[in-house]
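Numbering of ligands and ligand atoms starts at 1, following listing order. No hydrogens, no waters, no symmetry mates; every other heavy atom, side chains included, goes into these values.
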Amino acid sequence: MHADIVVLPGDGIGPEVTAAAVEVLQAVARRYGHRFALHTHLIGGAAIDATGTPLPDDTLAAARDADAVLLGAVGGPKWSDPNATVRPEQGLLAIRKALGLYANLRPTRPHNAAIGASPIKPHLLAGVDLLVVRELTGGIYFGARTRSAEAASDLCTYSVAEIERVVRRACLLARGRRGHVTSVDKANVLETSRLWRDVATRMARDEFPDITLDHQLVDSMAMHLLSRPRAFDVIVTENMFGDILTDEASMLAGSLGLLPSASLGDGGAKTDGSASPGRVKGLFEPIHGSAPDIAGQGIANPYGAILSAALLLRYSLGLSMEAACIEQAVDSALEDGVFSADIAAGGHAHSTRAVTAAVLERIEVTCQVTELRD
Ligand code: NAD
Ligand code: IPM
Ligand code: MN
């Protein structure tokens with residue numbers, strides 16, 4: 001098949017891990033006879049430096065027109081002055097919103113081989129396989145903000161429609177898994193959470209009687225995630241809770257550098273009756289940030305970005321065999337002890353390039369090409 005993929009490397013280690021994911025996509029294209037046209041554009045701090053804005057118009061236009069977007073990370077100390085009016089992170093929030101990508105899927109499945117990198121006891125990690133579905137275009141991230149010399153405010157708003165569509169996505173995903181959804185909120189304090197809980201309860205009853213729905217308060221959820229991670233299947237939650245809980249969940253796998261994500265909308269359909277988000281079906285990025293402390297050293301863990309490329313193939317291009325090929329290559333590299341510094345636990349640390357080379361090698365030998373397609 002032919003696909004147009006927009007690549008947004010961004011800042012810090014973003015370009016380093018994105019380069020790894022691009023090499024992997026190209027290797028998969030060669031092996032399975034696809035043509036991926038890659039179009040690189042600016043976002044974040046790099047875009048501010050070049051154009052004065054974190055999401056230039058041509059970047060957004062290219063993303064709308066693409067089949068999928070692959071992103072590295074944005075941000076860094078250069079653009080983090082507390083009084084700055086333009087910030088790299090605004091570019092990321094703006095592209096998610098403009099493309100209507102309301103559901104952010106963040107899977108965590110600790111790999112046996114890397115379990116030594118996790119601070120959690122190994123017997124708690126066996127069999128852990130969870131999927132956080134984070135609401136991505138609403139809540140406190142997008143509410144009105146005020147700031148005066150004496151005070152500041154951030155408004156958190158959710159509409160019924162915003163809650164419905166992300167809970168529906170989580171329930172549909174749970175149907176293909178173990179049929180269990182845990183909805184996380186702070187309904188003992190927040191009105192948005194009480195609405196969230198009401199909507200989720202009604203939907204499970206009326207639309208998804210086959211799904212088991214539990215509710216959990218976010219503070220105790222932060223504890224349960226570490227003390228009994230096996231108890232969870234799909235976790236659905238609002239924007240900020242999902243951001244925080246998934247960085248925590250990454251410690252089950254051993255590092256922030258291991259986790260991929262897929263941000264999905266309604267596949268290019270109009271989502272809110274206003275401007276169409278275009279034909280793009282998803283944006284794919286590791287969950288970590290630009291890691292300024294290790295940027296430029298060639299030691300960043302590229303597995304999260306590489307696994308994001310696998311999600312891109314599965315969710316935006318419908319290439320599940322090719323996605324599985326990447327995931328198997330990553331499994332095999334980890335089994336063979338190909339660890340970057342963050343997961344090496346004192347053992348030999350492989351560079352970003354060496355990890356990437358190990359994955360590429362395994363794509364050539366491990367993956368079965370059952371049919372050649374064009
Ligand atoms: P971070 O995720 O960048 O880094 C946290 C820690 O994890 C650091 O010690 C870092 O070295 C380590 N780490 C992260 N990814 C790694 C990888 N692939 N390999 C090895 N180690 C890795 O979070 P932070 O330090 O809080 O934020 C730094 C900047 O990144 C901020 O400007 C923030 O806004 C931005 N950020 C961007 C994104 C994104 O673009 N999606 C996500 C999170 C943070
Ligand atoms: C993430 C990041 C972003 C978020 C920031 C950089 C805006 O932390 O993708 O997890 O909070 O969504
Ligand atoms: Mn985050």
Closest approach of any protein heavy atom to [atom], naming residue and atom:
{"atom": "atom 31 (C) of ligand 1", "result": "E89 OE2, 3.7 Å"}
{"atom": "atom 13 (N) of ligand 1", "result": "A291 CB, 4.0 Å"}
{"atom": "atom 29 (C) of ligand 1", "result": "S290 OG, 3.2 Å"}
{"atom": "atom 37 (C) of ligand 1", "result": "V74 O, 3.1 Å"}
{"atom": "atom 27 (O) of ligand 1", "result": "P292 CD, 4.8 Å"}
{"atom": "atom 39 (C) of ligand 1", "result": "L92 CD2, 3.6 Å"}
{"atom": "atom 43 (C) of ligand 1", "result": "G289 CA, 3.3 Å"}

Atom 19 (N) of ligand 1 touched by protein (heavy atom, under 4.0 Å): yes

Verify atom 41 (N) of ligand 1: protein non-hydrogen atom under 4.0 angstrom away: yes

Heavy-atom nearest option to atom 8 (O) of ligand 2, drawn from N104, D243, T246, L136: D243

Within-cut-off N or O pair, E285 and ligand 1, under 3.5 Å: yes

Contact check: G76 vs ligand 1, nitrogen or oxygen atoms, below 3.5 angstrom: yes

Where ligand 1 meets H288 - atom numbers and elements under 4.0 angstrom, heavy-atom basis: 2 (O), 14 (C), 15 (N), 18 (N), 38 (C), 39 (C), 41 (N), 42 (C), 43 (C)

Per-atom contacts, ligand 2 versus R106 - under 4.0 Å to a heavy atom: 1 (C), 9 (O), 10 (O)

Within-2.8 Å protein N/O/S contacts of the Mn ion (ligand 3): D243 OD1

Counting only nitrogen or oxygen atoms and a 3.5 angstrom limit, does [X] reach ligand 2?
{"X": "N239", "value": "no"}
{"X": "Y141", "value": "yes"}
{"X": "R96", "value": "yes"}

Under-4.0 Å heavy-atom contact with ligand 1, by part of D247 that carries it: neither

No-hydrogen, no-angle side-chain donor-acceptor test under 3.5 Å, H288 and D247: no

Any R134 heavy atom less than 4.0 Å from ligand 2: yes

